[in-house]
Amino acid sequence: MKTKMLPSAMVLLMFCSIATAGSYEDTVTKWKSYKDVANWLNSNFSFEKGRQKQITKRLRTQGPSGLLVRNPTTLYEDNHRGYCADSANFAIKSLNAIDPSYNARWVFIWNEKGRPNHWVAAFDFEEKLYIMDYGTGRKWEEMQGVHGPYDSLDKYRDYLASLSLPNFKVGKVIFRDMPGQED
């Protein structure tokens, strides 16, 4: 009896793996707006200090090309954890898959108090600029959410300057291509 069940169990496990392989892609095709991406990140994404430390160490030794961001499928299907650039990458890829007119792109926030700096996602909606940020730790929670509408990135910078966060003072806030790679 046990030997007959083993092959059946293996087939069932293989089927489950195949059935869930496209679940991120399937989910994104059902999402209708930026609000769906924000809701998922708000409900599911968890900041992981260890990941942030790992990336910071890579950046010190390799420079900007050492930046790693988690692939959205991996983030969605496997662990829901990461640091700011993982959250931003998920938002950018998901927003652009839902509607390319969002023109989702990277924003780099220079922390004048030193590392860590911060990455967020910018997108356009109704001819205004919005920022999506769900990639902060506990101490910077005030940054989290969808911010806007703004007429410019400078207005978002003004918002950041109004916050009183430990170990953070906003410096430059710029559009920037992500210099690293997905893992």
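Counting from 1, the numbers follow the sequence of the chain as shown.
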Engineer: Taking all non-hydrogen atoms of both residues, which atom of Arg105 and which atom of Asp124 are closest, and how far apart?
Structural biologist: NH2-OD1, 3.1 Å

Engineer: Test: ring pair (Phe, Tyr, Trp, His ring centres under 6.0 Å). Region: residues 161-183. Which pairs qualify, not counting sequence neighbours?
Structural biologist: Trp140-Phe168

Engineer: Could you work out, with side-chain contact (heavy atoms from CB on, under 4.5 Å) as the rule, every residue matching His80, not counting sequence neighbours?
Structural biologist: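 Partners of His80 by the side-chain contact (heavy atoms from CB on, under 4.5 Å) criterion, ordered by chain and then number, come out as Trp40, Asn44.
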
Engineer: Verify, without hydrogens or angle tests, whether Thr74 (side chain) and Arg70 (backbone) share a donor-acceptor contact under 3.5 angstrom.
Structural biologist: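 No, the answer is negative, given that no donor and acceptor are paired below the 3.5 Å cut-off.
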
Engineer: Before you tell me yes or no, could you show the steps for Arg58 and Asp183 under salt bridge (charged side-chain N to carboxylate O under 4.0 Å, His left out), namely the whole-Å CA-CA distance, both residues' side-chain angles and the distance that decides it to 0.1 Å?
Structural biologist: CA-CA 13 Å; Arg58 283 180 57 95; Asp183 69 346; over 6 Å; no

Engineer: Which pair of heavy atoms, one from Ser23 and one from Glu77, lies closest together, and at what distance?
Structural biologist: OG-OE2, 3.2 Å

Engineer: Quick check on Arg81: does its CZ atom have over 12 non-hydrogen neighbours (other residues, nucleotides or ligands) under 6.0 Å away?
Structural biologist: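 Not more than 12 within 6.0 Å, no.
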
Engineer: Can you confirm whether or not the ring centre of Phe125 sits under 6.0 Å from the ring centre of Tyr34?
Structural biologist: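 When the ring centroids of Phe125 and Tyr34 are compared, they turn out to be within the sub-6.0 Å range.
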
Engineer: Could you report the tightest heavy-atom contact between Val28 and Ala97, atom names first, then the distance?
Structural biologist: CG1-CB, 3.5 Å

Engineer: Keeping the roles fixed (side chain from Asn71, backbone from Glu182), state whether a donor-acceptor pair exists under 3.5 Å.
Structural biologist: no

Engineer: For residues Leu129 and Val170: do they belong to one hydrophobic cluster (side chain heavy atoms under 4.5 Å, members Ile, Leu, Val, Met, Phe, Trp, Tyr)?
Structural biologist: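 Cluster IDs for Leu129 and Val170 match.
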
Engineer: Going by heavy atoms in the side chains, are Asp133 and His118 under 4.5 Å from each other?
Structural biologist: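 In short, these two side chains touch, coming nearer than 4.5 Å.
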
Engineer: According to a hydrophobic-cluster definition based on side-chain heavy atoms being under 4.5 Å apart (Ile, Leu, Val, Met, Phe, Trp, Tyr only), do Trp106 and Leu59 belong together?
Structural biologist: yes

Engineer: Checking Tyr134 now: which residues fulfil ring-ring contact (aromatic ring centres under 6.0 Å, His included) with it, not counting sequence neighbours?
Structural biologist: none

Engineer: Around atom CD of Glu127, are there more than 12 heavy atoms of other residues, nucleotides or ligands at under 6.0 Å?
Structural biologist: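 Open.
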
Engineer: Membership question, hydrophobic clusters at under 4.5 Å side-chain separation (ILVMFWY): are Leu160 and Tyr150 in the same one?
Structural biologist: yes

Engineer: For the residue pair Asp99 / Ser101, report whether a side-chain donor-acceptor contact shorter than 3.5 Å exists.
Structural biologist: yes

Engineer: Please check if the side chain of Asn117 supplies one atom and the backbone of Asn111 the other of a donor-acceptor pair under 3.5 Å.
Structural biologist: yes

Engineer: Count the heavy atoms of every other residue, nucleotide or ligand shown that sit under 6.0 Å from CG of Asp177, and state whether that count exceeds 12.
Structural biologist: no

Engineer: Is there side-chain contact between Arg115 and Arg60, with at least one heavy-atom pair below 4.5 Å?
Structural biologist: yes

Engineer: Roughly how far apart are Asp86 CG and Ser46 OG, rounded to 0.5 Å?
Structural biologist: 12.0 Å

Engineer: Is the closest basic N to carboxylate O distance between Glu48 and Lys53 below 4.0 Å?
Structural biologist: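 No, no charged N to carboxylate O under 4.0 Å.
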
Engineer: Taking the six-membered ring for Trp, are Phe47 and Tyr83 ring centroids under 6.0 Å apart?
Structural biologist: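 No - the distance between ring centres of Phe47 and Tyr83 does not fall below the 6.0 Å cut-off.
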
Engineer: Counting only heavy atoms not in Asp158 (residues, nucleotides, ligands), do more than 12 fall under 6.0 Å from its CG?
Structural biologist: yes

Engineer: Centroid separation under 6.0 Å, is that true for the rings of Tyr159 and His147?
Structural biologist: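 Distance test on ring centres: under 6.0 Å, yes.
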
Engineer: Could you tell me if the ring centre of Phe90 sits under 6.0 Å from that of Tyr24?
Structural biologist: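 Yes; Tyr24 has its ring centre under 6.0 Å from that of Phe90.
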
Engineer: Do you know the tightest heavy-atom contact between Leu153 and Val173?
Structural biologist: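 Answer, listing the atom of Leu153 first, then Val173: CD2-O, 3.6 Å.
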
Engineer: Taking all atoms of both residues into account, what is the closest heavy-atom pair of Ala91 and Val37, and its distance?
Structural biologist: CA-CG1, 4.0 Å

Engineer: Locate the shortest heavy-atom distance separating Tyr130 from Pro149; write the atom from each residue and the value.
Structural biologist: OH-CB, 3.4 Å

Engineer: Please check if the side chain of Glu142 supplies one atom and the backbone of Leu165 the other of a donor-acceptor pair under 3.5 Å.
Structural biologist: no

Engineer: Does any N or O in the side chain of Asn39 come within less than 3.5 Å of the main-chain N or O of Lys35, such that one atom is a donor and the other an acceptor?
Structural biologist: yes

Engineer: Check the pair Thr136 / Glu141 against side-chain hydrogen bond (donor to acceptor under 3.5 Å, both in side chains), numbers first and verdict last.
Structural biologist: CA-CA 6 Å; Thr136 70; Glu141 274 182 329; over 6 Å; no

